[in-house]
Structure formats: structure tokens, C-alpha cells
**Student:** 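Can you keep this structure in mind? I'll have questions shortly.
Nothing fancy with the numbering, it's 1 onward along the sequence.
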Amino acid sequence: MMRRYLSILMILMMGALSACSDTAAQPDDAQPQEPAETEAVPAENEDIHVLVAYFTYAENADLPEDVDASTSASIQPGDTLTGNTGLVAVMIADELDADLFSIQTQERYPDTYDETIAQGQQEQQEGARPALRSQVEDMDSYDVIFLGYPNWWGDMPMAVYSFLDEYDLSGKQVIPFVTSGGSGFSNTVAAIVQLEPQAQIIEGLALSDSEAPQAQARVQEWLGTLELSAG
């Protein structure tokens, strides 16, 4: 009888040890856990306010409503007629979710590109400052200004000088971009530095007129290299 009791006792002890061993083998997190919540990473530069200001031919010329954009490489169709610089300005604004401002003169330019740049050359020789049609609302709120223009006779259109004379861009990043027949920036970046000595001028993107309509990928790549900062 005693032997029978000992056998039962041994069986019970072995079962208890087995149960303890199984429990010990289970880690505290063996049961499926709900995924931990993580904070969303804030979008890069989300607190930086960006303005894309630009001068472009077609938005400043007295063009007929039914103008055929195919007759001039400087006129580009879209939601509204614009020029090569206007196309690039929209690309930049779309990528950065920035505000757009078209620099437009009170007096319209001629309805042909050749006549327009001839007038631009005359304005350049006279050091003219054409009156602008509208102003930027709350310029102080912007940290970064992209400034676009075509290269006319190795210089910016004088309307861009009017724009720079009108605003104090001290403490802001100013990033020019230009479209041209092949002259690039010429001396325009130096002119901007002289007009806005307290701004941080960053030499930007130069595109040929023929490149501008298909420049989306290049614009994206270029923007990815910039380190934008709040003033």
C-alpha cells in the first residue's frame, strides 16, 4: 500500500514540475500585443512659409484671348496663359505647397515677344522702374522667397527691380531661378545681393527655355538639395 501511495505522489510531483516548467518558458509578452502607438513625424519645413514670386512674359503682355501658344516658345498654355518662367514657378509652388505671386506691371507689354524684350532693353538702358499692378499681402510672414524671371539682355526685367525696391527682404532666404536662351543668370544674382544686402541669397536654378516645359524632375531634384529655414 505504501508503495502505491509513493507512486501516486511521484506522479503528482512530476506533473507539478512540468506545469512550472511550461509557465517559466512563456515570456511575459507571449500573448499577441496591440501595436504601440507612435507619434507622427512632422512634415519637414512645415513651419516655413514660402512665396514663389515670378515675372513672366505672357502674364505681362497684351495678348489676344485666342493667341496660338504654339507660335512662340515663350508662351505656354495651361489653366491660364503663362511663360516659361511661369511654368517653373508653378512646379516649385506645387512641390512646396507655396504661395504664388505673379509680378505684373500696370502698363502691358507688346503682344510679341521680340517687341517685349526690345522694350525691356530700353527700360534697362533708362534704369526704369515700371509701376506694379499689385502687391504681396503680408510679405513679413514669409521666410523663403523664390524669385523667378527670364534673362533679358543679360539682366532681370526691370519689373523685378521694381519688386525688389518695394520690399525689404532682410533676414529671408531669397532663391532666384531663371529661364533663358542659354545665358543663365548672367550677373543677376550679384544684382539681387546688392539690392537685398541683408537677405541670404542662394544661387538657384537656371533652365533654358527649351528645358522649362519638361523640368519637373529637375525641379524636384534641385528642391531636394535646398536647406530651407525660417527667418
**Student:** Does the side-chain contact (heavy atoms from CB on, under 4.5 Å) test come out yes or no for Ile201 and Val189, once each step is laid out?
**Tutor:** CA-CA 8 Å; Ile201 313 300; Val189 175; 4.1 Å; yes

**Student:** If you count the non-hydrogen atoms of other residues, nucleotides and ligands that lie under 6.0 Å from CD in Glu221, is the total more than 12?
**Tutor:** no

**Student:** Please confirm whether the backbone N or O of Pro110 pairs with a side-chain atom of Thr116, one donor and one acceptor, at under 3.5 Å?
**Tutor:** yes

**Student:** Within the structure provided, determine whether Gln122 and Met158 are in side-chain contact (heavy-atom separation under 4.5 Å).
**Tutor:** no

**Student:** Between CG of Leu164 and CD1 of Ile145, what distance do you get to the nearest 0.5 Å?
**Tutor:** 10.0 Å

**Student:** Ignoring hydrogens and geometry beyond distance, is a side-chain donor-acceptor pair present between Ser170 and Asp168 at under 3.5 Å?
**Tutor:** yes

**Student:** Could you walk me through whether Tyr167 and Gln135 pass the side-chain contact (heavy atoms from CB on, under 4.5 Å) check?
**Tutor:** CA-CA 10 Å; Tyr167 301 102; Gln135 285 72 42; 3.3 Å; yes

**Student:** Considering all heavy atoms of both residues, which atom of Ala199 and which atom of Val174 are nearest to each other, and what is their separation?
**Tutor:** CB-CG2, 3.9 Å

**Student:** Would you compute the distance between atom CZ of Phe177 and atom CE of Met91 and round it to the nearest 0.5 angstrom?
**Tutor:** 10.5 Å

**Student:** Using the benzene-type ring in the case of Trp, are the ring centres of Tyr57 and Tyr109 under 6.0 Å apart?
**Tutor:** no

**Student:** Search all heavy atoms of Phe163 against all heavy atoms of Val136 and return the closest pair with its distance.
**Tutor:** CE1-CG2, 4.0 Å

**Student:** So with a 6.0 Å cut-off around CD of Gln106, is the heavy-atom count from everything else above 12?
**Tutor:** yes

**Student:** Applying the side chain to side chain donor-acceptor pair (under 3.5 Å) criterion to Thr179, which one of Asn151, Asn84, Thr85 satisfies it?
**Tutor:** Thr85

**Student:** Please indicate whether Trp222 has more than 12 foreign heavy atoms, meaning atoms of other residues, nucleotides or ligands, lying under 6.0 Å from its CH2.
**Tutor:** yes

**Student:** So, Glu59 and Thr56: side-chain donor and acceptor under 3.5 Å apart, yes or no?
**Tutor:** no

**Student:** Are more than 12 heavy atoms from other residues, nucleotides or ligands located less than 6.0 Å from atom CG of Asn187?
**Tutor:** no

**Student:** Donor-acceptor pair, distance only, cut-off 3.5 Å: does the side chain of Gln173 make one with the backbone of Ile202?
**Tutor:** no

**Student:** Go through the steps for Tyr54 and Ile92 under the test side-chain contact (heavy atoms from CB on, under 4.5 Å), then give the verdict.
**Tutor:** CA-CA 11 Å; Tyr54 66 98; Ile92 295 170; over 6 Å; no

**Student:** Got more than 12 heavy atoms from elsewhere within 6.0 Å of CD, Gln125?
**Tutor:** yes

**Student:** How long is the straight-line distance from CD1 of Ile103 back to CG of Leu147, given to the nearest 0.5 Å?
**Tutor:** 5.5 Å

**Student:** Could you go step by step and tell me if Ile192 and Tyr149 meet the side-chain contact (heavy atoms from CB on, under 4.5 Å) rule?
**Tutor:** CA-CA 12 Å; Ile192 296 170; Tyr149 46 87; 3.8 Å; yes

**Student:** Between the side chain of Asp47 and the main-chain N/O of Ala230, is any donor-acceptor distance below 3.5 Å?
**Tutor:** no

**Student:** Would you name the heavy atoms of Ala93 and Leu100 that are closest together and state the gap between them?
**Tutor:** CB-CG, 3.7 Å

**Student:** Measure the CH2-CZ distance between Trp152 and Phe55 for me, rounded to the nearest 0.5 Å.
**Tutor:** 4.0 Å

**Student:** Could you check whether atom CD of Gln216 has more than 12 heavy atoms from other residues, nucleotides or ligands sitting under 6.0 Å from it?
**Tutor:** yes

**Student:** Can you name the nearest heavy-atom pair linking Gly86 to Thr82, along with the distance?
**Tutor:** CA-OG1, 3.3 Å

**Student:** What's the separation between atom CG in Leu51 and atom CG in Leu96, rounded to the nearest 0.5 Å?
**Tutor:** 11.5 Å

**Student:** Under a 3.5 Å distance rule, please check whether Ser183 uses its side chain to pair with a backbone N or O of Ser186 as donor and acceptor.
**Tutor:** no

**Student:** So which heavy atom on Ala98 is nearest to which on Val52, and how close?
**Tutor:** CB-CG2, 3.9 Å

**Student:** Using side-chain heavy atoms (C-beta onward) and a distance below 4.5 Å, is Glu166 in contact with Met139?
**Tutor:** no

**Student:** Can you see which heavy atom on Thr105 is nearest to which on Pro130, and at what distance?
**Tutor:** CG2-CB, 3.8 Å

**Student:** So, do Val88 and Leu207 sit near enough that their side-chain heavy atoms are less than 4.5 Å apart?
**Tutor:** yes

**Student:** With heavy-atom distances below 4.5 Å as the criterion, would you say the side chains of Asp143 and Leu228 are in contact?
**Tutor:** no

**Student:** What distance do Leu226 atom CG and Phe146 atom CZ have between them, rounded to the nearest 0.5 Å?
**Tutor:** 5.5 Å

